[in-house]
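Nothing here was measured: the structure is a model prediction, and the numbers come from that model. All chains are named by letter (A, B, ...) in the order of the sequence lines, taking the proteins before the strands, and each is independently numbered beginning at 1.
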Amino acid sequence: MALHIYDTATRGVREFQPVRSGTASIYLCGATVQAVPHIGHVRSGVNYDVLRRWLSFQGNDVLFVRNVTDIDDKILAKATAAGRPWWEWAETHERAFDSAYDSLGCLPPSYSPRATGHVTQMVELMRRLIDAGHAYARNGDVYFDVRSFPDYGALSGQRMDDVQQGETAATGKRDHRDFTLWKSAKPGEPSWPTPWGAGRPGWHLECSAMATTYLGGEFDIHGGGIDLIFPHHENERAQSNAAGDGFARYWPHNAWITMAGEKMSKSLGNVVSIPAMLERVRAPELRYYMVAPHYRSTIEYSEAALAEAVSAYRRIESFLHRVAGRLGSVEPGALCAEFTEAMDDDLGTPKALATVHNAVREGNAALDSSDDAAALGAAASVRAMTGVLGLDPLSDKWSDSSTVDNAPRQALSTLVDELLEERQRARAERDFALADTVRDRLTSAGIAVEDTPDGPLWTLKDG
RNA sequence: GGCGGAGUGGCCGAGUGGUUAGGCAGGGGCCUGCAAAGCCCCCGACGCGGGUUCGAUUCCUGCCUCCGCCUCCA
């Protein structure tokens, strides 16, 4: 089975057939960089990172473009309120997003275009729309004429007559449902010159301009959160199709992470920032939490569920450490067939992880029965499968050796090994009181000791 | 008002017209000086009422509850 992916436009799963065979082009609506990212924002990044990795793994040459909206009402308002230049405000938060994506193991995009760098392309797109009779200028604003495009509403399933109202601010519209392509300059606000007057981009226009600039008039996948279906993606599609571009072939949308049943928003005060979370759990554990449910299912955030994700991830991790400790290095091997099948079915990560856990159990059993070949095979498979999900505990990104300073670790290792030798001597002499005292000392220092057939193994607790 | 999503065992979370999701927790066992880890077994579920069917959690229908979008939003 080839990859099948959900398409909001058709309300169903369809086989992925790229515009150009052997390549995959993805445009993801990235952040409006007006505040620090929370876990909801990063879920989108992580979900599409998994899609991108899966397409790459299957041999596609993937182009992954994730934009940055670096000019909009909120950025201007917040920067003004903070007494800072708008461009500094945007840049500061863009860095915060980049850092959050990176810390969760999202591969960097092929390119991350900024809205302010693509005014030329936006002007050209407006020119085409006006020439074709799909847009009009009024007092320096430029609007898309919704009634000129009969297919408007097809993506989101909206019926024209039932759309309650459009953007509130605009005044020069022919129809209240028309949306703004370009906003005329207001005193004190940044602006760029156009044939219709100075102004700044309307939100929807920039994505069409940037997507087609880098991915072509027709490309494969356009993603984002479910809230973007209407009006943002509806409008993007309308303006691009009206201009004569085929635009995106597939429109998947990821669901929310909610808090106590409500979407996260700063006004509700229920935002969990990424740095705050990473003080409590390790990055791959948080990533596991976001990858384990299906991307189209709402995640109801809870401490207990997060703790379960931590346990589940550690089960996988400790299996790989077990095998590596006993049998030496483990290289990524072949995927289980069920894993491929699950991933091909609209990125069925829950089933895919079930496959991983089955392999872990079988691998542990093989280890217990000293079937080294089977254990190694299972471990290789687990590395490959978790690698596709960006969760491979032995990858350079997540293995402890790459994140912990080597010299301190060496020093610690020397001291711990001496204590463990002392404990082993005590055990050999059946002086268990002394042995347990040594173990208790290590435990209280945050070092867990496990006895294995190959001798004691120590790990730092709570990574 | 329009459009869309969801209600699964103690918890998280998939899925299917009849036969094992997976994880976490709980009970029993093996292993271990003890512990931890691991393995084996067990426990148990499909919001409510109708209908279709040999059989429905899975299809149809009515109802209840919750959530999202329609202004900016991952």
Side-chain angles (χ1 to χ4, degrees), chain A residues 8 11 28-32 34-35 37-48 69 72-74 77 97 153 156-170 177 203 223-232 234 253-258 261-267 288-289 292-294 296-300 302 304-316 318-319 321-322 338 342 345 348-358 360-369 427 430-433 435-436 439-440 443 448-453 456-457 459:
Chain A
T8 298
R11 305 275 172 208
L28 173 60
C29 276
T32 298
Q34 46 115 353
H38 60 243
I39 56 175
H41 294 123
V42 176
R43 181 187 188 183
S44 172
V46 167
N47 286 160
Y48 290 98
T69 297
D72 98 313
D73 293 348
K74 281 189 178 171
F97 270 87
S156 60
Q158 302 287 330
R159 279 184 300 219
M160 283 273 282
D161 296 340
D162 291 320
V163 174
Q164 285 203 328
Q165 63 180 56
E167 300 149 285
T168 49
R177 295 162 302 198
W203 178 36
I226 48 170
D227 57 312
L228 299 180
I229 295 170
F230 191 89
H232 186 50
E234 189 69 68
H253 291 95
N254 64 277
W256 301 107
I257 295 181
T258 61
E262 292 176 305
K263 67 187 274 190
M264 279 186 198
S265 77
K266 295 202 81 176
S267 58
Y288 185 101
Y289 180 60
H294 189 87
R296 287 193 285 114
S297 295
T298 301
I299 296 176
E300 170 66 35
S302 80
L306 181 61
E308 288 179 9
V310 170
S311 297
Y313 175 78
R314 290 186 182 184
R315 178 175 160 77
I316 297 167
S318 75
F319 164 63
H321 285 330
R322 240 186 127 194
E338 307 82 60
D345 185 10
T349 54
K351 183 103 183 286
L353 278 170
T355 303
V356 170
H357 278 105
N358 285 334
V360 167
R361 191 188 329 103
E362 287 160 17
N364 272 320
L367 226 37
D368 285 351
S369 62
R427 292 181 72 204
R430 304 195 69 78
D431 181 357
F432 297 122
D436 289 348
R439 185 168 62 192
D440 290 345
T443 302
V449 177
E450 290 176 31
D451 294 314
T452 75
L457 206 65
T459 48

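- Taking every heavy atom of both residues into account, A/Ala352 and A/Ala342 meet most closely at N-CB, 3.7 Å.
- Out of B/rA74, B/rC72, B/rG4, the shortest distance to the side chain of A/Lys74 is found at B/rC72.
- Here A/His232 lies out of heavy-atom contact (under 4.0 Å) with every strand.
- Contact record, A/Thr349 with A/His294: OG1-CA, 4.2 Å, taken as the closest heavy-atom pair.
- Rounded to a whole Å, the CD1 atom of A/Ile299 is 11 Å from the C1' atom of B/rC12.
- Nucleic acid contact class of A/Arg43 (heavy atoms, under 4.0 Å, all strands): none.
- A/Thr355 comes within 4.0 angstrom of nothing in the nucleic acid, heavy atoms only.
- Of the candidate nucleotides B/rG22, B/rA74, B/rG68, B/rA74 has the atom nearest to the side chain of A/Ser44.
- Residue A/Leu228 is classed as a sugar-phosphate contact, given heavy-atom separations below 4.0 Å to backbone atoms only.
- Residue contacts for A/His41: at a heavy-atom cut-off of 4.0 Å it reaches a base atom on one of the strands shown.
- With a cut-off of 3.5 Å on both pairing distances, B/rC31 has no Watson-Crick or G-U wobble partner at all.
- In this structure, the nucleotide among B/rG68, B/rC24, B/rA74 sitting nearest to the side chain of A/Ser311 is B/rC24.
- Across all strands shown, A/Ala354 has heavy atoms under 4.0 Å from base atoms, whether or not it also approaches the sugar-phosphate.
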Check: side chain to side chain donor-acceptor pair (under 3.5 Å) between A/Ser156 and A/Glu234: does it pass, once the steps are laid out?
Finding: CA-CA 6 Å; A/Ser156 60; A/Glu234 189 69 68; 2.6 Å; yes
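- When distances are taken from the side chain of A/His294 to each of B/rG2, B/rG23, B/rA14, the shortest belongs to B/rA14.
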Next item on the list: Sugar-phosphate atoms are those with a prime plus P, OP1 and OP2; base atoms are the rest. Using that split, label each nucleotide of nucleotides 26-42 of chain B B, S or - for protein heavy atoms under 4.0 Å, 5' to 3'.
Entry: -------BBBBSBSS--
